[in-house]
Amino acid sequence: MSDLRELYQEVIFDHNRNPRNFGRPAKVDRHSEGHNPLCGDRLTLYITFDQAGKIAQASFEGQGCAISTASASLMTEALKGKTEAEAEVMFHNFHGVIMGTSDVDPAALGKLQVLTGVKEFPARVKCATLAWHTLQAALHGDQQVSTE
Amino acid sequence: MNQPLKHLPLRAYDIESIRADFPILHTRMHDRPLVYLDNAATCQKPAVTIAAEKHYYEALNANIHRGVHLLSQQATDAYEASREAVRALMNAPSTQDIIFTRGATEGINLVAQSWGRSTLKPGDEILVTHMEHHSNIVPWQLLCEQTGAVLKVVPIDDDGVLDLSTLDQLLTERTKLFGMVHVSNALGTVNPVAELIRRAHAVGALALVDGAQAIAHTAVDVQALDCDFYVFSAHKLYGPTGVGVLYGRHSLLEKMPPWQGGGDMISLVRFTGSRWNHLPYKFEAGTPNIAGGVALLSAIEYVNALGYDAIAAHEADLLDYATSQAEAFDGLRIVGKAPGKVSILSFVMDGVHPHDIGTILDMEGVAIRTGHHCAMPVMERYGIPATARASFALYNTRAEVDALFAALTKVVKLFRG
């Protein structure tokens, strides 16, 4: 089970059981709905900006597997206080590391590093990236995105 | 190997010798013996079928229905012997009524585009059931967009049984075709197709049966069923991928226009107009998957040698054994509890998404399907995004069912701590 423990780290179970920032806030500036048709996962991401243009709150709702739920939960935590440009960089760093297409040091991902075990499970990469594609769609003003 | 179908004496159901016939069952996944329980997606192939495909390329390869040379004649004979084997398997009246396709999906699309597009008018209705595979939904939706016809749906109950209480309202003289799945790939339900076909004919509608999931588990007699169309895929009958069968009632096939145009489907081509070939070739444009078509015969022989009765009894025992373990498993809920269902155990577990179940089982060597099984309306009906599905075939064992539940125990351990 050592490989499985790489994928299912304790932090992932924690965020799956108790997702942070779960639910729709009263005030929403941007939102987008992400869908992974292969496994039926759906999530809606809500973003609220403060007056300085930084993300005051990111939250989500929906249903998905442990990987997609934990990824969304960790992402919403990490987005707080970031500008749009910083959020874009976060997307590219995360996506690049998970897909193995960038030479960004995984350590730069901080807490999100627990999700990098997914690299060894190609069938699960889309689970980890669903929330992030939804983030990018929300930032770009697209209200729907699909991983297929 | 290009001989006509052999009628061999029934073979004893010796599971060890049967398993020895399937090379892939002896491979390992993640350093564990493969426990293949994804048979509803595709069945594994016996060595004789793999050998038949190899033999075709080594000894018979030529294009069919056109060459003057001996090799082409031998390839044609082998391909046509397979068509006769399919005819006999389904008890169709004639090989002219057996159209080779790429799969069950293509067969349904052929009927929709040839019969449907030339026949339907705005306001006509197509009826399907709520438990159809996408392949028996989407071709009709496309047809409805093209013709102005309307798609209607027979509901299902909580156990996964068709709710026929409203069938009289749904099946009317406006209904031109009733498309029904013989065995549900998501639920395992066996539908009362003979009765539904009779009801369809009573209002003047045609009946199409999607037998993709039935053909490996139950004998099919298209004349006894009295269906107008029956489709299946060879790869779900232990045969090659990329080969399918459409049986059609002869009088309908005669009237239907060609669907795809090209070589082989014509008798005469002039720029002023062309004439179509006779059946079944009118519907077989272009060079088909000859090797796969030829090898299908050996898969049919393999199944015949064991016999559908023995296969069904073996699989029923496995499903009963798995179902009783599932019912006793804490936090597991079976999706689809139709009486008399075959081969399929679809389920969900408290607090664990099916996709996570699938990954953890895979690490134990247990291959199952997780997801919507190309039946999103079924998932929606039960308010779930997906299920985990174990599906059994003629070569599975009780020990493999035990391996499935041992792996599910590991899922629980990992997720619930």
Side-chain angles (χ1 to χ4, degrees), chain A residues 1-19 22 33-44 60-73 98 114-131 134 144 146-148, chain B residues 28-32 38 41 133-134 137-138 186 331 335 346-389 406-417:
Chain A
M1 303 271 260
S2 60
D3 292 326
L4 274 179
R5 281 288 175 194
E6 282 292 303
L7 179 64
Y8 292 109
Q9 299 196 30
E10 224 21 78
V11 178
I12 288 177
F13 282 127
D14 174 35
H15 280 259
N16 181 46
R17 283 190 207 105
N18 307 296
F22 194 82
E33 195 186 308
H35 184 209
N36 181 344
L38 202 67
C39 44
D41 290 358
R42 281 178 190 282
L43 73 85
T44 309
F60 75 105
E61 55 187 3
Q63 49 185 352
C65 64
I67 306 298
S68 78
T69 303
S71 181
S73 174
I98 296 288
V114 297
L115 289 160
T116 54
V118 83
K119 280 197 295 188
E120 305 305 319
F121 295 80
R124 305 303 300 277
V125 163
K126 282 178 179 171
C127 308
T129 57
L130 175 63
T134 313
Q144 283 187 339
S146 165
T147 56
E148 292 301 302
Chain B
R28 294 171 74 82
M29 292 292 139
H30 301 295
D31 211 24
R32 288 183 168 76
D38 195 16
H133 187 281
H134 296 161
I137 300 173
V138 182
V335 179
S346 224
F347 59 94
V348 291
M349 285 169 82
D350 289 345
V352 194
H353 190 280
H355 217 157
D356 295 312
I357 298 173
T359 294
I360 299 164
L361 262 52
D362 179 51
M363 295 303 286
E364 296 294 316
V366 180
I368 61 160
R369 171 86 186 262
T370 65
H372 51 61
H373 318 297
C374 297
M376 286 190 194
V378 172
M379 301 299 118
E380 213 164 26
R381 166 66 178 77
Y382 297 117
I384 47 180
T387 74
R389 179 189 70 185
L408 287 174
T409 303
K410 290 199 173 172
V411 172
V412 172
K413 235 186 217 164
L414 194 65
F415 262 72
R416 298 184 195 149

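Chain identifiers are assigned alphabetically (A, B, ...) following the order of the sequence lines, protein sequences preceding nucleic acid strands; residue numbering begins at 1 within each chain.
- For a residue to count as touching a neighbouring chain, one of its non-hydrogen atoms must lie under 4.5 Å from one of that chain's; by this rule Arg17(A) touches chain B with the side chain only.
- Residue Arg124(A) comes nearest to His355(B) through the heavy atom pair NH1-O, 3.2 Å, listed as atom of the first residue, atom of the second, then distance.
- Atom CE of residue Met363(B) and atom CG of residue Leu7(A) lie 8.5 Å apart, to the nearest 0.5 angstrom.
- Distance CD1/Ile357(B) to SG/Cys65(A): 11.0 Å, rounded to 0.5 Å.
- Contact check for Gln63(A) versus Ile384(B): no side-chain heavy atoms found under the 4.5 Å cut-off.
- For Ala123(A), the part sitting under 4.5 Å from any heavy atom of chain B is the backbone (N, CA, C, O) and nothing else.
- Contacts of Met376(B) with chain A are made by side-chain atoms alone, with heavy-atom separations under 4.5 Å and no backbone atom involved.
- Counting heavy atoms from C-beta on, the side chains of Tyr8(A) and Ile360(B) come closer than 4.5 Å.
- Taking the side chain as every heavy atom from C-beta outward, Asp41(A) and His353(B) approach each other to under 4.5 Å.
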